[in-house]
Amino acid sequence: MTDEIPRPSDFIREIITEDQKTGKYEKRVHTRFPPEPNGYLHMGHAKSICLNFGIAQEFSGRCNLRFDDTNPEKEEQEYVNSIIDSVTWLGFDFGPEPFYASDYFDFMHRAAEYLISAGNAYVDSQSADEMRESRGTLTAPGKNSPFRDRSAEENLRLFREMREGRHADGAMVLRAKIDMASPNINMRDPAIYRIKRAEHHRTGDKWCIYPMYTYAHPIEDALENITHSICTLEFEDQRPFYDWLLERLAEGGLFRRPLPQQIEFARLNLSYTVLSKRKLIQLVNEGYVKGWDDPRMPTISGIRRRGYTPESIRNFCERIGVAKRDSMVDLGLLEFCIREDLNKRASRIMAVLRPLKVVLTNYPEEQEEVLDAINNPEDAAAGTRKVPFSRVLYIEQGDFREDPPKQFFRLAPGREVRLRYAYFITCEKVVRHEKTGEVIELHCSYDPATRGGDAPDNRKVKATLHWVSARHAVRAEVRLYDTLFTKAEPGEESGDFRADINPGSVEVLDSCFVEPSIANAGPGSRYQFERMGYFCVDKDSAGDKPVFNRTVTLKDTWAKIEKAKK
RNA sequence: UGGGGCGUCGACAAACGGCAAGUCAGGAGUUUUUGGAGCUCCCAUUUGGAGGUUCGAAUCCUCCCGCCCCAGCCA
């Protein structure tokens, strides 16, 4: 072992390491995660949370959770609560209280007045349409507003009137006075305050003017002494304004240098899903899912209900890296992360999802046995448990084939297989439904000498099946989830992501049977159903009927072989 | 066609002028009382393209091509 300092793992940590070296911020590192409370957090936010809080931890700094609540029309307390819940669940500590942009409204207002007095902002009485027209286009410069040269006194008076509610919504806005001919459209006198008579979830009706994100965000950062303000790529063009504003305010003595710096990285895209609040809210409102925490949603609350662990998500965020290149991460990587985690931690259990009745014809009618089963072969400390066995069992329908294809190793007429932790059984007879001809029951014989699953004569079988004793099993509902979309990039072809919604994204199985040992497991408990996948207890569980969500399947080589044959 | 970014394996992503890491996916084998897990091996003679500089280029220069973002009183 050497105590060599590892190379920073991404360009942002590289910048910070450099700043530490030069003492730019006196070795201080302070980041922030600034969601707008207008929706639930999703995996894209998880990436940002892990980045911001992760950096703070690594550099012995701090990270603020800050609600960017500058647009009361879209924001709600419910979202604030869910965001706090998600950040906490992910395992990050934001201190005793979160921060709110709305707590800075007074300061922002004063700063705006300062800007006006310094000749750096003016009240524009043009309509929104007029402003759009005079802004110019991507290739043509904009034109100055006829109101651009109002005196500071008049601007101050008008701005006060705006605040006092003497003007209608939209009648005028406060604009930064920069350069209407700038090649960067964001520098063409951006609006920084608008009139909006809306009840704010925290400030109520105190204000009828609200700051724009562009203006508010740099101030929030500076007020909180943020050193590195990390955001996504689409804000890159905004950086000149971020710096312009803070410089002007520093000149006026409202802030001290060094000022925070904005750094942009590429947002997360995940295949077979959508990560945009607009689309997610649409899925909820239009009823494509059953709420923000529907286990098919890529929201943190959804994925949590699905059975993912915070550790697996943090690990995922570490593996995907941070860069500036637009990318599409393979859903398979997320699945790998949760399998990897649950493989080490989840107790194994036997559960039959699609039951096929098996009668052991040579097993005494009234006999019962209790067999020992290993809870987790990856973790000896997890111990063992008792599993009841009897004459009538259920096995998985998919584990029997009357006419087994080439590589099918499981049960078939005349074939012997092992029942996990129990006995070798041989299929003697197939019972069919008299009308449909469907296989409804199997008559098998068991070999008493193979108790526990080993044959004294060293006889081998090619398959081991999971099973459940009919008499002892607990009936359960199991919800099998698949991707919400059928295309890796929903909407890529049609332009409407809803066109690619997967009609089979959930399958509810209501006559499943699970081992009695987990009948009373509490919501959130995670298990591996042997050979089937990882499952967790859903909050919909009722006392007499547990409900399980399938978190993810196990890797399934046989399924792959079958799929390849088609 | 203004401005700002970005192009390295199927997907992520290192490499900071010295001879293309790692991970997921995929493939082969081994092992196995989960067709799980584990273990072993394979998987970019080449970095969007073309020139140039250099003993040496993914890294520097020039030109070209492609993709993303910006014309909200959203964030």
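A tilted orientation is assigned to the rings of A:Tyr446 and A:Phe389, their planes being inclined by 30° to 60°. A:Tyr213 and A:His217 have tilted rings, their planes meeting at an angle from 30° to 60° on a 0 to 90° scale.
For the side-chain hydrogen bond (donor to acceptor under 3.5 Å, both in side chains) test with A:Glu396, the passing option among A:Arg410, A:Arg354, A:His466 is A:His466; the others fail.
Contacts of A:Ser327 with the nucleic acid, taken as non-hydrogen atoms under 4.0 Å apart, involve only primed sugar atoms and P, OP1 or OP2. Backbone-only engagement by A:Glu36 is indicated by non-hydrogen atom pairs under 4.0 Å involving sugar-phosphate atoms exclusively. Nucleic acid contact for A:Val329: sugar-phosphate only, since backbone atoms but no base atoms lie under 4.0 Å from a heavy atom of the residue.
Straight-line distance from the CZ atom of A:Arg415 to the C1' atom of B:G35: 13 Å, rounded to whole Å.
With B:A75, B:A25, B:G36 as the choices, the nucleotide that has an atom nearest any side-chain atom of A:Phe336 turns out to be B:A25. With B:C12, B:C70, B:C73 as the choices, the nucleotide that has an atom nearest any side-chain atom of A:Arg135 turns out to be B:C73.
Across the interface with RNA chain B, nearest-nucleotide mapping of A:Tyr421 and A:Asp129 shows A:Tyr421 to be the residue nearer the 5′ end. Both A:Arg194 and A:Lys555 lie near RNA chain B, and the one whose nearest nucleotide falls closer to the 5' end is A:Lys555.
Nucleotides B:G56 and B:G17 are separated by 8 Å at their C1' atoms, to the nearest Å. B:U8 and B:C60 have their P atoms separated by 15 Å, given to the nearest Å. For B:U47 and B:A57, the C1' atoms lie 11 Å apart once the distance is rounded to whole Å.
Put simply, the side chain of A:Glu234 and the base of B:G4 share no donor and acceptor less than 3.5 Å apart. Donor-acceptor pairing under 3.5 Å, judged by distance alone, is absent between the side chain of A:Arg339 and the base of B:G36. Scanning atom types as modelled, no donor and acceptor separated by under 3.5 angstrom connect the side chain of A:Asn184 and the base of B:G4.
In summary, A:Lys565 and A:Glu562 do not engage in a salt bridge, as defined by a charged side-chain N under 4.0 Å from a carboxylate O.
Shown here, B:G72 is classed syn by the O4'-C1'-N9-C4 or O4'-C1'-N1-C2 angle, which is within 90° of 0.
For the pair A:Ser145 and A:Met180, the minimum side-chain heavy-atom distance is 4.5 Å or more.
In terms of phosphate contacts, A:Lys560 brings a side-chain nitrogen or oxygen within less than 4.0 Å of OP1 or OP2 of B:G27. Phosphate proximity of B:A13 to A:Arg319: absent, as no side-chain N or O sits under 4.0 Å from OP1 or OP2.
By the stacking rule of 5.5 Å between ring centres and under 30° between planes, A:Trp558 stacks on the base of B:G35.
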